[in-house]
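Reading through the structure tokens given below for one structure.
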Amino acid sequence: MNRIDATFERLRREGKSALIPFLTIGDPDLAASAELIAACAAAGADMIELGVPYSDPLADGPVIQRASERALQNRVTLEDVVRTAAEARRLGADIPYILFSYYNPVLQYGLDRFFKLLEEHDISGLIVPDLPLEEDGELRDRAEAAGIHLIPLVAPTSHERIARITARARGFVYCVSSLGVTGMRSEFHASIDDFLASVRSASPVPICVGFGISNREQVLRFEGKTDGVIVGSAIVRKIEEALPLLGDSGKRAEGVRQVEQFIRSLRV
Ligand SMILES: O=P(O)(O)OC[C@@H](O)[C@@H](O)c1c[nH]c2ccccc12
């Protein structure tokens with residue numbers, strides 16, 4: 001069984017919802033990222049989105065854009081991200097990995113090599129935010145053959161596409177809470193609960209919500225309405241604040257501890 005499915009089964013038995021951090025891998029460097037992935041698992045994350053840095057992150061707000069720039073200064077590649085995830089496993093991170101990449105780095109790497117790399121490194125899921133349903137046929141077929149869940153995104157504007165997107169979904173459906181780019185939000189649109197309910201009734205797999213969630217109160221707001229929440233920018237911001245510590249191997253543990261403490265504060 002795919003680790004993502006097993007995790008949602010466990011959470012259902014425990015009556016809990018998933019906490020899914022997003023990290024830009026290689027920010028500030030690969031060694032720090034390996035420790036931060038392990039810290040996410042130690043802090044109670046149920047799975048993790050491993051962001052491949054990209055030069056043109058169209059859907060990302062300033063916090064994640066800056067994180068991508070920092071990682072690209074270290075020339076971090078898609079392969080580095082996957083190898084860092086394996087290193088984090090050796091450090092004790094025993095949660096499902098979801099590789100998060102825009103489509104261009106995947107295409108550049110080559111689909112055959114890409115899925116071989118994912119299979120060899122125990123990657124359970126894949127999110128490609130800029131690949132629309134109409135164009136994801138080949139990627140979906142290959143992911144299916146590799147036993148890797150291609151996790152689709154739906155937005156409040158998806159309307160009649162929700163049925164088509166959820167019908168093919170594997171792992172979970174990523175419900176984008178609001179239009180625009182990633183980044184912390186003080187509130188959510190009033191119609192979000194109807195949107196989530198419509199996705200939940202259409203989807204054969206669990207649904208999770210992301211975009212703008214940055215504190216425990218907001219995580220609680222979605223309790224019972226989804227099967228999990230994704231938190232990215234708020235965590236990446238904590239990493240940015242801890243850069244002076246994370247960038248110094250002698251002080252890295254303190255920096256990692258600060259980020260871990262923030263993630264623990266999100267755990268309901
Ligand atoms: O950063 P936020 O607002 O917490 O949202 C999660 C988001 O970071 C992560 O899932 C993500 C990072 N880059 C993306 C691009 C598109 C959709 C989602 C993402």
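Just follow the structure's listing: the first ligand is 1, and inside any ligand the first atom is 1.
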Fill in: side chain to side chain contact (heavy atoms under 4.5 Å, CB included) partners for Glu135, two or more places apart
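Checked Glu135 against side chain to side chain contact (heavy atoms under 4.5 Å, CB included); matches are Leu131, Pro132.
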
Practice prompt. State whether a side-chain donor-acceptor pair under 3.5 Å links Arg185 with Ser177.
Written response: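 Checked: Arg185/Ser177 side chains show no N/O donor-acceptor pair below 3.5 Å.
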
Please tabulate, one line per pair, the protein nitrogen or oxygen atoms found under 3.5 angstrom from a nitrogen or oxygen of ligand 1, with distances to 0.1 Å, or say none if there are no such pairs.
from	atom 1	to	atom 2	distance (Å)
ligand 1	1 (O)	Ser233	N	2.7
ligand 1	1 (O)	Ser233	OG	2.5
ligand 1	3 (O)	Gly183	N	2.8
ligand 1	3 (O)	Gly183	O	3.3
ligand 1	3 (O)	Gly212	N	2.7
ligand 1	4 (O)	Gly232	N	2.8
ligand 1	4 (O)	Ser233	N	3.3
ligand 1	5 (O)	Phe211	N	3.3
ligand 1	10 (O)	Glu49	OE1	2.9
ligand 1	10 (O)	Tyr174	OH	2.6
ligand 1	13 (N)	Asp60	OD1	2.7
ligand 1	13 (N)	Asp60	OD2	3.4

Worksheet item: With the threshold set at 4.0 Å, does a side-chain nitrogen-carboxylate oxygen contact exist between Asp193 and Arg221?
Response: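 Looking at Arg221 together with Asp193, the answer is yes, because their closest N to O distance falls below 4.0 Å.
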
Item to complete: Run the salt-bridge test on Glu254 and Arg257 with the 4.0 Å N-O cut-off and return the result as yes or no.
Response: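 Arg257 and Glu254: salt-bridged.
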
Worksheet item: Is the backbone N or O of Leu19 less than 3.5 Å from a side-chain atom of Asp46, with the two atoms forming a donor-acceptor pair by type?
Response: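 Here the side-chain-to-backbone pair exists.
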
Discussion item. Against the six-membered ring of Phe114, is Arg142 placed for a cation-pi contact (under 6.0 Å from the centre, within 45° of the normal)?
Written reply: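 Judged by the rule, Arg142 and Phe114 form no cation-pi pair.
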
